[in-house]
Amino acid sequence: MIGNNFFNVKWKIKGVLMKTYNPQEVEIKWQKHWDENNSFEPSEDKTLPKKYILSMFPYPSGRIHMGHVRNYTIGDSIARYYRKIGFNVLHPIGWDSFGMPAENAAIKNKIHPKKWTYENIDYMRKELKRLGLSFSKTREFATSDPEYTRWEQEFIIKMYENGLLERRTQKVNWCETCHTVLANEQVIDGCCWRCDNEIEIKELPGWYIKITKYAEELLNDMEKIKDGWPERVLTMQKNWIGKSIGLKFKFNLSDESKSKLKNRFDGYEVFTTRPDTVYGVTYSALAPEHPIVDFMLENNLFNLETEEKVRRIRSILPKDRQAMEKEGVYLGIDVVHPLTGEKVPVWLANFVLVEYGSGAVMAVPAHDERDFEFATKYNLPIKWVIEPENGEINKTEAYTAEGILINSGEFTGIKNTKAKDAIIKKFEELGIGSKEINYRLRDWGISRQRYWGAPLPFVKCPKCGIVPEKIENLPVTLPDDVEITGGANPLETHPTWKYTKCPKCGGDAIRETDTMDTFVQSSWYQFRYVSDFRKYKDVPFRAEDEKYWMPVDQYIGGIEHAILHLLYARFFTKALRDLGYASVDEPFSKLLTQGMVLKDGSKMSKSKGNVVDPDEIIAKYGADTARLFMLFAAPPEQELEWSDSGVEGAYRFLNRIYQNASKCKKTNKIPQIDANKLTKEEKEARRKVYETLKRSKDTYEKTFSFNTLIASSMESFNALNKIKNEDVYTEGYFILMNVLEPIIPHITSEISKEYFDLANFKEIQIDENALKKDEINYPVSVNGKKRAEISVSTEAKKDEVMAKAKEAVAKYIEDKEIIKEIFVPKRIVNIVIKG
RNA sequence: GCCCGGGUGGCGGAAUUGGUAGACGCAAGGGACUUAAAAUCCCUCGGGAAUUUCUCCCGUGCCGGUUCGAGUCCGGCCCCGGGCACCA
């Protein structure tokens, strides 16, 4: 441990009285002060300018980790900055408290999920408080609180009534270890996002939120937030939504094929983004799970050999097919080309996805890489219908670039980019196809077959079908008396919970036992914070509060939520708007995605044994040290490599500013300084201080490059410690304590209270005179190479500077012909000579 | 394969957006203080040459270009990280 042996002992170094910095004492004192004074509650005065600063809320896993420290330190610094310069600031915290880990803990430790969760919250709340975070106390909640669930259930019912939610049976992603269904967004490389177990496809009934209805708006509204969000997050969302425009048309089966299929099918639809290549179709391909294939198998319409191949391909999981070679088999049926009338063979192909488009494609081997590969393998014909404007086609691969149509009937000779629309139009005129927009985005499956979640507020009545619970009966709460086994849903097996009466007919009915995906809770929590909801219990949040506070001005969180949470929250905001609860289109105007905290080059994790516990760091050095290190070690968007000695460096800096503070005189206003009476060094120190002040505005409001702001502060302190002028020194502290308060609030409060009575904790005007330089240093280069440095008066004109510059580099330009003289005011002098 | 980031000392990272590369911090070395150590303070710190203290050469992944001047702009390439990935 460093320097803690002499707490509160005063002694003299170089004649100045100093005392040792004791972070534990100072920090707890200020934390108590803030707590007792409710220092961080937002004002109800809606005439004040506002800032809503939000860091993503944590899952109450038990203890905070360094990622939390980083996230909350960034958010807290921004919040404290705005509060200090006079904004009404909403800076809330809550707990994303439903979810699997509580159930896992229940199984492992025989503790009820609710007890485990709320105990964790109590512990973590203390940890966050010890970090000196300026959260509002009145706005705190946990998403598992019944009051929160109540409103969520109301939203869900309203969504159901407005066609935004439906129950249906479809193929779903099933994780056996988590014993639940997962949304598409929660499946990563075919594995569960939480436990990494390989997912299975099952056919199950479940609840779906129709996020696809908002695909277009989610895409278009990116325009509204593009200045505040990182480009890559928007790109990721754009790719995820995956809009593509093309032609949808129907392939009619040939007459023989129709009768072969017992007239159950007359054809099937296909979608293409390349209608310009439609004349090049030489075969069509169906997904292994296509209904026609199902039918043919059920009715033994394949010969033995084909059936065997079909069954083999179908037996392979779609995700495993990705890695495999293209494979297929001719199904023995044909369709008719809609424009040429030619017969087109129908194949089954392992690369066709049943869930995209219609699960069937037209194949144009000449102009599609996949189709080419497949056609080459099975010796299918290749028909070239586009050729480059200049040069020859290389017929050993698909030609996918732009060009002119050939062999394309009436469209021959047209540029392919134009042919796209022309051919769509032709299909529409003939009534055999139409323009179609396809999205990759699927509806959001929110059913989870788990206990620790918000119950879906619906009842299954044998007479009335699905019936929403009555609003006055909300919330539908979880029973406490359950046994968590990790197997079947405890709500399903509970002896009495699910048996209820139908809200409509009053007859015996059964409750829905699925609970909601936890991402539903985190999709609207930003709205809940806007009101002092303990006072206003008849609404989820007050409209006037929502209008005032929303949208969130600055949102801070990890990049890992780029798609999942951030897309859902954007959707939910739009849905709440359309249901009449919200007034905004987008929830977060600005987003800062903070980088991970690494140790020894990889993410801190228990399994790697490289975890640094924030509590230990705080116990050893204090919260300000932890905060300072977090913001100094790297820019917020980058990864941050943990460094024990870097932390010690931060601690040393705090000690220095604490001890040197005694060189200040006590005052409650900024010292008036006559710049004319100062030495060069004193002016220099003042300039650095004011440059830091100037920089701080940009840092807290725009760039968030706290690392360089801190560096600039350190530089200022170094300069101040070289001078002896008490006024300049005091002014420097007055300002620097102000600049650093958002980052290291405890020590700056302590010093500012003692010396300035906190008079420095408000916006300080920049003294432009202090920023002015009397002299400027010019590097003088000859042919671009720096040869000398000169110092001239700020007022010096070009001629004067050039004359001095030539003198300084005389030995380089003697006897040489000067071709050019470059003079960039306040920057550089360059003399170009011959030879 | 496609789309984004990014490659700067021993390390984390700066560089006013085309104008003194390496701010600030860490680590390292030397010195002061001390019986000693810790802490603290001072000095050095990209590489090389010279060392008579006035210096010179090289250097921001690699090759080339534009420019009086390039870490920054342009063309080509090589690595690293992330995202998407048979999406028709």
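Reminder, nothing fancy here: chain letters follow the sequence lines and each chain counts from 1.
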Protein-to-nucleotide contact annotation, 5' to 3' order, nucleotides 79-88 of chain B [B base; S sugar-phosphate only; - none; under 4.0 Å, heavy atom]:
---SSSSBBB
Scoring nucleotides 65-75 of chain B by protein non-hydrogen atoms under 4.0 Å (B base, S sugar-phosphate only, - none) yields ---BS------
Taking ring pair (Phe, Tyr, Trp, His ring centres under 6.0 Å) as the definition, give me every residue that meets it alongside [X], ordered by chain and number, with sequence neighbours left out.
| X | result |
| --- | --- |
| Phe427(A) | Phe249(A) |
| Trp240(A) | none |
| Tyr279(A) | none |
| Tyr356(A) | none |

Would you mind telling me which residue lines up with the more 5' stretch of RNA chain B, Val829(A) or Ser643(A), judged by nearest nucleotide?
Val829(A)
Arg656(A) or Pro779(A): which one's nearest nucleotide on RNA chain B is closer to the 5' end?
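This one resolves to Pro779(A).
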Using atom [atom1] in both nucleotides, what's the gap between [N] and [M] to the nearest angstrom?
| N | M | atom1 | result |
| --- | --- | --- | --- |
| A23(B) | G82(B) | P | 31 Å |
| A27(B) | U44(B) | C1' | 14 Å |
| G81(B) | C86(B) | C1' | 25 Å |

Where each pair must be Watson-Crick or G-U wobble with both distances under 3.5 Å, what dot-bracket representation of RNA chain B is obtained, with crossing pairs in [ ] and other-strand partners as |?
(((((((..(((......[....))).(((((.......))))).((((.....))))..(((((..]....))))))))))))....
To the nearest Å, give me how far apart [atom1] ([X]) and [atom2] ([N]) are.
| X | N | atom1 | atom2 | value |
| --- | --- | --- | --- | --- |
| Glu789(A) | A21(B) | CD | C1' | 14 Å |
| Glu637(A) | C4(B) | CD | P | 18 Å |
| Gln659(A) | C41(B) | CD | C1' | 12 Å |
| Lys785(A) | A21(B) | NZ | P | 12 Å |

Close N or O pairs between protein and nucleotides 45-52 of chain B (under 3.5 Å):
none

Does G9(B) count as syn, meaning its glycosidic angle lies within 90° of 0, or as anti?
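Syn conformation for G9(B).
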Over all strands shown, is Arg787(A) touching base, sugar-phosphate only, or nothing at heavy-atom distances under 4.0 angstrom?
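If one applies the 4.0 Å heavy-atom cut-off, Arg787(A) turns out to touch the sugar-phosphate alone, with no base involved.
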By salt bridge (Lys or Arg N to Asp or Glu O under 4.0 Å), which residues pair with Lys773(A), not counting sequence neighbours?
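Checked Lys773(A) against salt bridge (Lys or Arg N to Asp or Glu O under 4.0 Å); zero matches.
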Proximity to RNA chain B (any heavy atom under 4.0 Å), residues of residues 690-699 of chain A only
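Residues of residues 690-699 of chain A that come under 4.0 Å of RNA chain B do not exist, since none gets that close.
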Can you tell whether the side chains of Glu327(A) and Lys309(A) come within less than 4.0 Å, N to carboxylate O?
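The answer is no: the pair does not qualify as a salt bridge.
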Any salt bridge linking Lys772(A) with Glu768(A)? Criterion: basic side-chain nitrogen under 4.0 Å from a carboxylate oxygen.
no
Nearest-nucleotide pick for Arg652(A), side chain only, options being C41(B), A27(B), G12(B)
A27(B)
When you measure from the centre of the six-membered ring of Phe271(A), is the NZ or CZ of Lys248(A) closer than 6.0 Å and no more than 45° off the axis?
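No, Lys248(A) does not sit over the ring of Phe271(A).
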So which pairs with a foot in residues 637-647 of chain A pass salt bridge (Lys or Arg N to Asp or Glu O under 4.0 Å), sequence neighbours left out?
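Qualifying pairs, neighbours excluded: none.
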Enumerate the protein-to-nucleotides 22-24 of chain B contacts in which both atoms are nitrogen or oxygen and the separation is below 3.5 Å.
from, atom 1, to, atom 2, distance (Å)
A23(B), O2', Glu715(A), OE1, 2.9

